[in-house]
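Just below is one structure, and these are the notes that go with it.
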Amino acid sequence: MKKGEVFVIVDALVVDNVPDRLVFLLRSNGINVNYSPGIHREEIIKVLNNYDILVFRSRLKIDKEIIDSSNKLRYLARFGVGLDNVDIEYAMKKGIKIINAPNAPSKSVAQLIISMIFILERKLYNIIDMVKNGEWPKGKIIGNEIDGKTLGIIGFGRIGRATARYAYLLGMKILANDIIDVSEEVQKYEGKQVSLDYLLKNSDIISLSVPLTSLTYHMINYETISLIKNNAILINTGRGEVIDTKALLENIDKFKGIGLDVLEQEPPKDEMFRRLIKNDKVIVTSHIGSETYEAMDRLTEEFAANILKEVWNK
């Protein structure tokens, strides 16, 4: 690849499973790709000094040890949205740029949130399970409609806004909480930006769409759960650590239903998480928010474009 009058060789190490098209797009645009999904952390540390770009997902903690293992590394490229597994501050101090693809999964995650609302309000998971086990529970389980319900969205970024759009079209009322002023965006859906306390006290359904930070860690805890109205629904598609699982489990009778696409421990192994998953009020999916064919296609295109823009100024 020619950049100006100088031939530049750029090497990338891909350490997690990514679509074949991503590898094709990078290679066809002059980047040498070593595709090694599942490579162990120790091996990454041994070989990283040979690469300009490290492409990864959420499996590894990209910390000081990994960053310091290479003098050549110029880009940390997260195939996805969340960067909570990256020591961003230290990477920036080292002059390393962070690349991700924040736009692609928004629709898919928002649609999962809306799906969970329907499932929990109509108790579809209970009914489907009973029918599969030979029962016919007609008239035994009565659900609720969602229009007219108040949806409180904590974190009004791309996913929160996509969720609000769908919910508004379904006749729901919108409350939003964010650390920045999003009042104009919320007003597009006839909603309003409110304090966290107000949202928790006045929402029939609460959806968490925040990244994991020092401010959001265990933001749903014993104190904040006490503010939530009885018989509310809680949904989390952000990061598992946003909810204090112990506090949630001990107050589970307060809720009509709980939908979780993320857990504090993934995959769940400890008894506390098994108890949570088995509870009749809870549905858990395996961190699948962005796992649709359409989102993967958008993610691949956006991510490759962002890498090429940084490397070749394309």
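Note that this is a predicted model, so its numbers are computed, not measured.
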request  = Can you run down the salt bridge (Lys or Arg N to Asp or Glu O under 4.0 Å) pairs that involve residues 34-53, sequence neighbours left out, and say none if there aren't any?
outcome  = R41-D63, R41-E65, D52-K72, D52-R74
ask   = Does anything in residues 94-115 pair up under salt bridge (Lys or Arg N to Asp or Glu O under 4.0 Å), and if so which pairs, sequence neighbours excluded?
value = D68-K94, K97-E310
query = Which pair of non-hydrogen atoms, one from D253 and one from K281, has the smallest distance, and what is that distance?
reply = O-NZ, 3.1 Å
request  = For A101 and N306, work out which heavy atoms get closest and say how close.
outcome  = CA-ND2, 4.2 Å
ask   = With a 4.5 Å limit on heavy-atom distance, are the side chains of S36 and L13 in contact?
value = yes
task = Report the C-alpha separation of T224 and N221 in whole Å, then their side-chain angles, then the decisive distance to 0.1 Å, and conclude whether the side chain to side chain donor-acceptor pair (under 3.5 Å) test is met.
result = CA-CA 5 Å; T224 50; N221 52 45; 3.2 Å; yes
ask   = Are V109 and V182 joined in one hydrophobic group, where the rule is that I, L, V, M, F, W and Y side chains link up if heavy atoms are under 4.5 Å apart?
value = yes
inquiry  = Which heavy atom of L22 sits nearest to which heavy atom of A304, and what is that distance?
reply    = CD1-CB, 3.8 Å
query = If Ile, Leu, Val, Met, Phe, Trp and Tyr residues are connected whenever their side-chain heavy atoms lie under 4.5 Å apart, and connections chain through other members, are L299 and V86 in the same group?
reply = no
key: Side chain proximity check, L25 to E301, heavy atoms < 4.5 angstrom   = yes
query = Going hydrophobic residue to hydrophobic residue with side-chain gaps under 4.5 angstrom, can you get from V186 over to I159?
reply = yes
request  = Mark yes or no for whether N50, through its side chain, and V47, through its backbone, hold a donor-acceptor pair below 3.5 Å.
outcome  = yes
task = Side-chain contact test, heavy atoms from C-beta onward, threshold under 4.5 Å: evaluate it for L276 versus T245 and give yes or no.
result = yes
task = Would you mind reporting whether M296 and S108 have side-chain heavy atoms less than 4.5 Å apart?
result = no
ask   = To the nearest 0.5 Å, how far apart are CG in L73 and CG in N49?
value = 9.0 Å
Side chain to side chain donor-acceptor pair (under 3.5 Å) between N103 and R158, intermediate numbers included = CA-CA 7 Å; N103 299 299; R158 298 173 184 87; 2.6 Å; yes
query = If you count the non-hydrogen atoms of other residues, nucleotides and ligands that lie under 6.0 Å from CZ in R59, is the total more than 12?
reply = yes
ask   = Just wondering, are more than 12 heavy atoms of other shown residues or ligands nearer than 6.0 Å to NZ in K61?
value = yes
request  = Return the minimal non-hydrogen interatomic distance between R78 and N85, and the atom names on each side.
outcome  = NE-OD1, 4.0 Å
ask   = Which pairs with one or both residues in residues 33-81 pass ring pair (Phe, Tyr, Trp, His ring centres under 6.0 Å), sequence neighbours excluded?
value = F79-F303
key: Pairs involving residues 263-272, ordered by first then second residue, that meet salt bridge (Lys or Arg N to Asp or Glu O under 4.0 Å) (sequence neighbours left out)   = E271-R274
Main-chain N/O of I307 paired with W312 side-chain donor or acceptor, under 3.5 Å = no
Give every donor-acceptor pair under 3.5 Å between a side-chain atom in residues 233-244 and any protein atom, sequence neighbours left out.
| unit_1 | atom_1 | unit_2 | atom_2 | d |
| --- | --- | --- | --- | --- |
| N236 | OD1 | G238 | N | 3.0 |
| N236 | ND2 | R239 | O | 3.0 |
| R239 | NE | D84 | OD1 | 2.7 |
| R239 | NE | D84 | OD2 | 3.4 |
| R239 | NH2 | D84 | OD1 | 3.4 |
| D244 | OD1 | K246 | N | 3.1 |
| D244 | OD1 | A247 | N | 3.3 |

task = Using a cut-off of 6.0 Å, state whether more than 12 heavy atoms not belonging to Q265 lie near its atom CD.
result = yes
ask   = Should D178 and Q193 count as side-chain neighbours, where that means a heavy-atom distance under 4.5 Å?
value = yes
request  = Answer whether the closest heavy-atom distance between the side chains of S203 and L151 falls below 4.5 Å.
outcome  = no
Shared hydrophobic cluster for I53 and I96 (ILVMFWY, side-chain gaps under 4.5 Å) = no
ask   = Which residues pass the salt bridge (charged side-chain N to carboxylate O under 4.0 Å, His left out) test with R57, sequence neighbours left out?
value = none
query = From T163 OG1 over to F156 CZ, what is the distance, rounded to the nearest 0.5 angstrom?
reply = 8.5 Å
Set of residues satisfying side-chain contact (heavy atoms from CB on, under 4.5 Å) with respect to S115, sequence neighbours excluded = none
Heavy-atom closest pair, residues P105 and V81 = CG-CG2, 3.3 Å
Distance-only donor-acceptor hits, side chain of residues 117-130, under 3.5 Å, sequence neighbours excluded:
| unit_1 | atom_1 | unit_2 | atom_2 | d |
| --- | --- | --- | --- | --- |
| E121 | OE1 | K256 | NZ | 2.8 |
| Y125 | OH | D280 | O | 2.9 |
| D129 | OD1 | N133 | ND2 | 3.4 |

message = Enumerate the salt bridge (Lys or Arg N to Asp or Glu O under 4.0 Å) contacts for residues 130-154, please, sequence neighbours excluded, ordered by first and then second residue.
response = none
ask   = What heavy-atom pair brings R161 and Y189 nearest, and what distance separates the two atoms?
value = O-OH, 3.9 Å
key: Qualifying residue for side chain to side chain contact (heavy atoms under 4.5 Å, CB included) with V55, from V14, N34, V15, V23   = V14
query = So, do I31 and D11 sit near enough that their side-chain heavy atoms are less than 4.5 Å apart?
reply = no
task = Compare all side-chain heavy atoms of P37 with those of D16 and state whether any distance is below 4.5 angstrom.
result = no
I277 atom CD1, over 12 foreign heavy atoms within 6.0 Å = yes
query = If you look only at pairs with a residue in residues 254-282, which of them pass as a ring pair (Phe, Tyr, Trp, His ring centres under 6.0 Å), with sequence neighbours excluded?
reply = none
inquiry  = Please determine whether residues L248 and L200 belong to a single hydrophobic cluster, defined as Ile, Leu, Val, Met, Phe, Trp and Tyr linked transitively by side-chain heavy-atom distances below 4.5 Å.
reply    = yes
task = Take T285 and D261 through the side chain to side chain donor-acceptor pair (under 3.5 Å) test and state the conclusion after the steps.
result = CA-CA 5 Å; T285 49; D261 187 45; 2.6 Å; yes
Identify all side-chain donor-acceptor contacts of residues 204-212 below 3.5 Å with residues at least two apart in sequence or on another chain.
| unit_1 | atom_1 | unit_2 | atom_2 | d |
| --- | --- | --- | --- | --- |
| D204 | OD1 | K229 | NZ | 3.1 |
| D204 | OD2 | T150 | N | 2.7 |

request  = May I have all residue pairs that pass ring pair (Phe, Tyr, Trp, His ring centres under 6.0 Å) and include part of residues 194-228, sequence neighbours excluded?
outcome  = none
